[in-house]
Amino acid sequence: QLVESGGGLVQAGGSLRLSCATSGRTSTMAWFRQALGKEREFVSAIRRSGGPTLSADSVKGRFTISRDNAKNTFYLQMTSLKPEDTAVYYCAAAESTMIVGTMRSSARYPYWGQGTLVTVSS
């Protein structure tokens with residue numbers, strides 16, 4: 001089970017950090033988001049063992065994914081937020097260690113958080 005926290009309302013240009021607590025038996029962790037009326041989309045992913053992270057082009061340079069293995073928690077630090085970042089953000093995890101090329105696929109993640117709303121006002 002994944003437990004998310006950290007969403008809220010922020011002005012454009014502001015920052016938020018999302019957290020996702022896991023059971024610890026996860027090897028690949030990711031963030032997805034879904035805006036109203038749109039499909040869920042990949043945001044960023046990271047492996048518990050380290051190595052390169054993967055991020056969507058729309059958030060590169062603004063969002064950073066990280067993990068704290070000792071706390072079984074991973075994070076999404078969001079900076080320079082834009083109104084178009086408004087969405088429900090979901091954390092996801094899998095027990096398998098994925099190669100970078102497969103991290104974007106939501107179907108590969110069996111475990112999901114409850115979602116947290118991020119609203120960016122203009």
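In this text the structure is predicted, and so the values were computed from the model without any measurement.
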Would you call Asp85 and Lys82 a salt bridge, taking side-chain N to carboxylate O under 4.0 Å as the test? no

Determine yes or no for a side-chain-to-main-chain donor-acceptor pair under 3.5 angstrom, with Ser105 supplying the side chain and Thr102 the backbone. no

Where Arg47 and Pro52 come nearest, the two heavy atoms and their spacing: NH2-CD, 3.2 Å

Kindly indicate whether the side chain of Val88, heavy atoms from C-beta on, has any atom under 4.5 Å from the side chain of Arg40. no

Output the rest of the hydrophobic cluster of Val3: all Ile, Leu, Val, Met, Phe, Trp and Tyr residues reachable through side-chain heavy-atom contacts under 4.5 Å, sorted by chain and number. none

Report the relative orientation of the aromatic rings in Trp112 and Tyr90; use parallel for angles under 30°, tilted for 30 to 60°, perpendicular for over 60°. perpendicular

For atom CZ of Arg108, is the number of surrounding heavy atoms from other residues, nucleotides or ligands below 6.0 Å larger than 12? no

Checking Phe32 against Ser106 for the side chain to side chain contact (heavy atoms under 4.5 Å, CB included) test, could you report, in this order, the C-alpha distance in whole Å, the side-chain angles of both residues, the deciding distance, and whether it holds? CA-CA 8 Å; Phe32 290 79; Ser106 61; 3.7 Å; yes

Heavy atoms only: give me the nearest Leu18-Trp31 pair and the separation to one decimal. CB-CH2, 3.6 Å

Nearest-0.5 Å distance, OG1 of residue Thr79 to CG of residue Leu16: 10.5 Å

Approximate separation, where rounding is to 0.5 Å, of Leu81 CG and Phe63 CZ: 5.0 Å

Verdict with reasoning, Arg33 to Glu41, per side chain to side chain contact (heavy atoms under 4.5 Å, CB included): CA-CA 5 Å; Arg33 67 185 181 185; Glu41 65 174 357; 2.5 Å; yes

Examine Arg17 relative to Tyr75 and say whether NZ or CZ is less than 6.0 Å from the centre of the six-membered ring and inside a 45° cone about the ring axis. yes

Would you compute the distance between atom OG1 of Thr64 and atom CD of Gln77 and round it to the nearest 0.5 angstrom? 7.0 Å

What's the shortest heavy-atom distance between Leu54 and Val100, and which atoms? CD2-O, 3.5 Å

For residues 113-122, dump all side-chain donor-acceptor pairs below 3.5 Å to protein atoms at least two apart in sequence or in another chain.
from	atom 1	to	atom 2	distance (Å)
Gln114	OE1	Glu4	N	3.3
Gln114	NE2	Glu4	O	3.2
Thr116	OG1	Gly7	N	3.2

Is there a side-chain contact between Ser44 and Met103, using heavy atoms and a 4.5 Å cut-off? no

Rounded to the nearest 0.5 Å, how far apart are CD1 of Ile46 and OG of Ser55? 9.0 Å

Which heavy atom of Phe74 sits nearest a heavy atom of Cys91, and at what distance? CZ-CB, 3.6 Å

Closest approach of Thr73 and Lys71, non-hydrogen atoms and distance? OG1-O, 2.9 Å

For Ser15 and Ser80 the tightest heavy-atom approach is OG-N, 4.4 Å

Measuring from Arg67:CZ to Asn72:CG, what's the distance to the nearest 0.5 Å? 12.0 Å

Rounded distance [0.5 Å steps], OH in Tyr111 versus OG1 in Thr28: 12.5 Å

Within a strict 4.5 Å, meaning less than it, do heavy atoms of the Met29 and Arg48 side chains meet? yes

